[in-house]
Amino acid sequence: MSDTPFGFNRPGDGDDDRPQDPFKGMGGDMAQFADMLHRFADMIGAQGQGGVSGGPLNWDLAKNIARHQVVEQGDPSIVDAERRQVEEALRLADLWLDEGTTLPAGIRSPKAWSRSEWIEQTLPVWAKVCDPIASRMVESMGGALGGAGEMPAEMQAMAGPLIGMVKQMAGAMVGGQAGQALGALAREVTGSADVGLPLAPDGVGALLPAGVEAFGSGLEVSEDEVRLYLALREAAHQRLFAHVPWLRAHLLGAVEEYARGITVDLSGIEQAVQGLDLSNPEAIQEALGGEIQLQPEETPRQKAALARLETTLALVEGWVDTVVNEAAQGRLPGSVKLAEAVRRRRATGGPAERTFATLVGLELRPRRLREAAALWRKLTDARGAQGRDAVWEHPDLLPTADDLDDPDGFVHGREIEGLSDLDLTNLTTAAEDEPSDTPDDKQEDKPDDKPDDPGEGGAGPGDAGPRS
């Protein structure tokens, strides 16, 4: 191996012995490199190091892309009449729910949101949920583009700032993908709780008039009924999120735990950037623009997190279905049709599933919604609303996936396997026949006629009398 310092020629090896441009090996000279830096700065300027969350994913960029996407499709501002309709529907929904659940109202601030407002208000929670996998994406993409494993050490040192900028650009690309996903979701949601997660700020319940109108299209149910039914669902979700203190952390923690076990398949990107000229930002942008494939590792820990999340989501949605349908019965003639439309939308995988599959590799679908709803109905019949709602007092009291298979066993108590075949008669008889060792029993065994004074009654046979 040559001991010549990297980037220098031996005297006489070239036209002169001045330092050579170390960036020629990267596809350009110093002038091109300087121009590239300026173009990089223009492309990612004012994006920051992570935006809203301070994490690796550029959420400011994601928010701008999502809002631009919904505005392109039409996102009119909320007028006063729509705001009043939504606020009145949410207040009336809480009054109806008071009759069917012991959990108090959770909405302090009823809101009518435009789609852009939904993006703005829910972004902090999306950032918390998506940042673990975004971090892995950015690091992997930066490594693929930087080619750190293949560069000589001297090149790595000189290209360090460039690789940092590439990682920042990778964060911008992932942020762009997240923005597109959230923009698509914003066009289809009806409120803040459509995906079963606590996305709204504390105490806020919200409906999107545009989403409510789109949901009711083709159902042949009046708009007022659609709005009231969706308001019932929003209000029921907010009661759980507000008054089951462990539920928010339980749900979001399960999502984060699952996301940490996701691997990033960068084979397509690595192939696209093989031999890529780093002095061409447009080429880098095109290479990063492909779909990122997320692969679950299927570790026991990840499987447990996924099972916990899916079961909890099903229980949340099943409880909401139960209390909402009870409240709507006799009040909303179209409630059965609306309930089936909601179940079908959730079961077949709507926008929430696509968003999560894009952002964290997770299909956020309550797969066992019908089983969970059946269990909550049986609990209500057996224990009443108070006994049913008491199950939410602690996560250890919640039904498990096995309980969804056997709701009667959960409601009425199932026999412990093998206990019904055990004959307890012998145990009872043995306990009765066993001699007692209590102090009272021992006292009864002592002779009652023993004289208090040894002198009275004389000495007994074999008694030698007092010892000297």
Side-chain angles (χ1 to χ4, degrees), residues 63-98 105-126 179 182-239 241-242 320 324-325 327-328 331-335 337-339 341-342 345-346 350-352 355:
K63 178 178 67 174
N64 291 337
I65 290 176
R67 293 187 65 171
H68 179 72
Q69 195 168 339
V70 299
V71 168
E72 276 188 339
Q73 301 292 325
D75 184 31
S77 300
I78 305 298
V79 299
D80 289 341
E82 290 174 323
R83 199 178 307 280
R84 284 194 301 271
Q85 287 173 338
V86 167
E87 292 175 356
E88 289 170 3
L90 289 170
R91 291 193 180 101
L92 181 57
D94 265 331
L95 288 176
W96 289 358
L97 290 173
D98 283 340
I107 298 177
R108 299 189 301 271
S109 301
K111 300 290 184 181
W113 284 346
S114 66
R115 288 164 173 154
S116 295
E117 287 173 317
W118 179 89
I119 293 169
E120 185 82 32
Q121 295 295 325
T122 63
L123 204 64
V125 178
W126 288 116
L182 291 177
L185 180 58
R187 293 201 305 272
E188 300 184 42
V189 294
T190 64
S192 75
D194 285 40
V195 300
L197 294 179
L199 297 176
D202 290 342
V204 172
L207 291 180
L208 284 69
V212 171
E213 181 182 357
F215 178 84
S217 177
L219 292 179
E220 298 180 353
V221 179
S222 73
E223 186 177 343
D224 288 341
E225 274 195 62
V226 174
R227 186 186 305 109
L228 260 174
Y229 187 83
L230 295 175
L232 282 167
R233 290 187 58 82
E234 177 74 13
H237 276 101
Q238 297 308 327
R239 288 182 182 232
F241 297 147
V320 168
V324 165
N325 292 335
R331 290 183 170 115
L332 299 178
S335 62
K337 185 180 292 187
L338 290 165
V342 169
R345 187 182 190 188
R346 296 292 277 129
T355 299

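For the single chain, residues carry numbers from 1 onward in sequence order.
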Point to revise | Derivation of the side chain to side chain contact (heavy atoms under 4.5 Å, CB included) call for Trp126 and Leu182 | key: CA-CA 9 Å; Trp126 288 116; Leu182 291 177; 3.6 Å; yes

Hey, does [Y] have a side-chain heavy atom less than 4.5 Å from the side chain of [X]?
X	Y	answer
Pro110	Arg91	yes
Leu232	Leu228	no
Ser192	Val204	no

If every non-hydrogen atom of [X] is compared with every non-hydrogen atom of [Y], which pair is closest and at what distance?
X	Y	value
Gly211	Arg115	N-NH2, 4.3 Å
Ala186	Val189	O-CG2, 3.9 Å
Val125	Pro198	CG2-O, 3.6 Å

Review point. When you look at Leu338 and Val342, which way does the side chain to side chain contact (heavy atoms under 4.5 Å, CB included) test go after all the steps?
Key: CA-CA 6 Å; Leu338 290 165; Val342 169; 5.7 Å; no

**Study point:** Under 3.5 Å donor-acceptor, Arg239 side chain and Asp94 backbone
**Key:** yes

Check your understanding: Can any side-chain N or O of Asp75 pair as donor or acceptor with the backbone N or O of Val70 at less than 3.5 Å?
Key -> no

How long is the gap from [atom1] on [X] to [atom2] on [Y], to the nearest 0.5 Å?
X	Y	atom1	atom2	result
Thr190	Leu208	OG1	CG	7.5 Å
Glu87	Arg84	CD	CZ	9.0 Å
Glu120	Arg67	CD	CZ	5.5 Å
Leu185	Ile119	CG	CD1	8.5 Å

Check your understanding: So, are Glu117 and Lys111 salt-bridged, with charged N and O less than 4.0 Å apart?
Key -> no

Review point. Does a side-chain N-to-carboxylate-O contact under 4.0 Å join Arg233 and Asp194?
Key: no

Practice item. Please test Asp202 against Arg108 for salt bridge (Lys or Arg N to Asp or Glu O under 4.0 Å), starting from the C-alpha separation and ending with a verdict. Key: CA-CA 9 Å; Asp202 290 342; Arg108 299 189 301 271; 6.0 Å; no

Check your understanding: Any luck finding a side-chain donor-acceptor pair between Gln238 and Glu234 under 3.5 Å?
Key -> yes

Review point. Going through the distances and angles, do Trp118 and Ser114 end up as a side chain to side chain donor-acceptor pair (under 3.5 Å)?
Key: CA-CA 6 Å; Trp118 179 89; Ser114 66; over 6 Å; no

For residues 212-224, which side-chain N or O atoms pair as donor and acceptor with protein atoms under 3.5 Å away, sequence neighbours left out?
{"residue": "Ser222", "atom": "OG", "partner": "Glu225", "partner atom": "N", "Å": "3.3"}
{"residue": "Glu223", "atom": "OE2", "partner": "Arg227", "partner atom": "NH2", "Å": "3.3"}
{"residue": "Asp224", "atom": "OD1", "partner": "Arg227", "partner atom": "NH1", "Å": "2.9"}

